[in-house]
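Report on the structure given below.
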Amino acid sequence: MIFLRKSKLAAPVSILFLLVLFSAIWTPRLRYASQVGRLTEEILFSADFRSQPVSDEMMSLVKEWDSPGEAAGLFWLESDFLREKTSLSIENLSERRERWAVRPGWSTYLSACRAVWDDVVYFPVASASNRPDVSVTFEDSWLFGRSYGGERGHEGTDIMATVNERGMYPVISMTDGIVESKGWLELGGYRLGIRAPQEAYFYYAHLDSYADIEEGDQVKAGELLGYMGDTGYSKVEGTTGNFPVHLHLGIYLTLNGEEISVNPYAVLKMVEDRRIEYSFTNTAAEL
């Protein structure tokens, strides 16, 4: 009888062992297959990529790595754009990069991530050293509703002035680059568009006035572009007063001949403490 009992138990124990072994071998492989499937040809056009989501954990990693764009891109792939918790860290970042670098589409994806992040040096509004009341605020307003010119989503970040006075706040270039566009747009008012070295287009809108700068000029990160204003929302050049004084910042990429906008909020968070300082002399701001 003892022998028979052992025989009856042997089959279930063997099956359980095989199930555990199968799980140990295949679960990581299935998880890996699921992860690498995230890097598709469409990823750069996806709502996930365009929204550029950010968390405190991701921002800490981005600020420590030599290539912020690479760190951000890896974090999104590893976490499925923050939907999953990830163990990505400075210590294992290079190892995880090697895993993704062999996947089709990695080079294009990485170039896009770097274009958005890696050329950025400064916050686009200078900081008043002798006027603590003169400051700015911003929030993640990506695709918030806008109605002028028809219902649409807000494709940028608005940096709002605490003192609602046009011509007071110096706007500076976040990157090196070439001035690609300057002048009046109905929605953007007086605007400047700068093409950064890795081909992202940085769009500064609603300016009150320009610095001594023209299309085709080369600019350096930190260089004065003009002053924050409230121009726009009109076909009539020079119109002001349709909204509070602020800077609208947009970031655009050209992919396969198509221009797409991406959310600037995370990049602004990265450089919110990197500001050019200026001081007021009477009513004029001096960098």
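As the structure is a prediction and not an experimental result, all values here were calculated from the model.
Counting heavy-atom neighbours within 6.0 Å of Asn256 CG, excluding the residue itself, gives a total of 12 or less. Residue Lys63 qualifies as enclosed at atom NZ: its count of foreign heavy atoms under 6.0 Å is above 12.
Listed by first and then second residue, the side chain to side chain donor-acceptor pair (under 3.5 Å) pairs that reach into residues 258-269 are Arg50-Ser261, Asp140-Asn263, Glu155-Ser261, Lys269-Glu272, sequence neighbours excluded. Every pair passing ring pair (Phe, Tyr, Trp, His ring centres under 6.0 Å) that includes a residue from residues 165-189 is listed here, sequence neighbours excluded: Trp184-Tyr190.
When atom types are taken as modelled, the side chain of Thr175 and the backbone of Gly177 share no donor-acceptor pair closer than 3.5 angstrom. Of the possible polar contacts, one joining the His206 side chain to the Thr231 backbone as a donor-acceptor pair under 3.5 Å is found. Side-chain atoms of Ser111 come within 3.5 Å of backbone N or O of Ser107 as a donor-acceptor pair. Listed for the Thr162 side chain is a donor-acceptor partner under 3.5 Å among the backbone atoms of Ser135. Under a 3.5 Å cut-off, the side chain of Glu95 and the backbone N or O of Asn92 do not form any donor-acceptor pair.
For Tyr122, the ring-ring contact (aromatic ring centres under 6.0 Å, His included) criterion is met by no residue, not counting sequence neighbours. When the ring-ring contact (aromatic ring centres under 6.0 Å, His included) test is applied to Tyr252, no partner is found at least two apart in sequence or on another chain. In this structure, Phe45 has no ring-ring contact (aromatic ring centres under 6.0 Å, His included) partners at least two apart in sequence or on a different chain.
In summary, Asp158 and Arg146 engage in a salt bridge, as defined by a charged side-chain N under 4.0 Å from a carboxylate O.
With ring centers used as reference points, Tyr203 lies under 6.0 Å from His248.
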Which donor-acceptor pairs under 3.5 Å do side chains of residues 211-218 form with protein atoms, sequence neighbours excluded?
residue, atom, partner, partner atom, Å
Glu214, OE1, Lys182, NZ, 3.4
Glu214, OE2, Lys182, NZ, 3.3
Glu215, OE2, Lys182, N, 3.1
Asp217, OD2, Glu214, N, 2.8

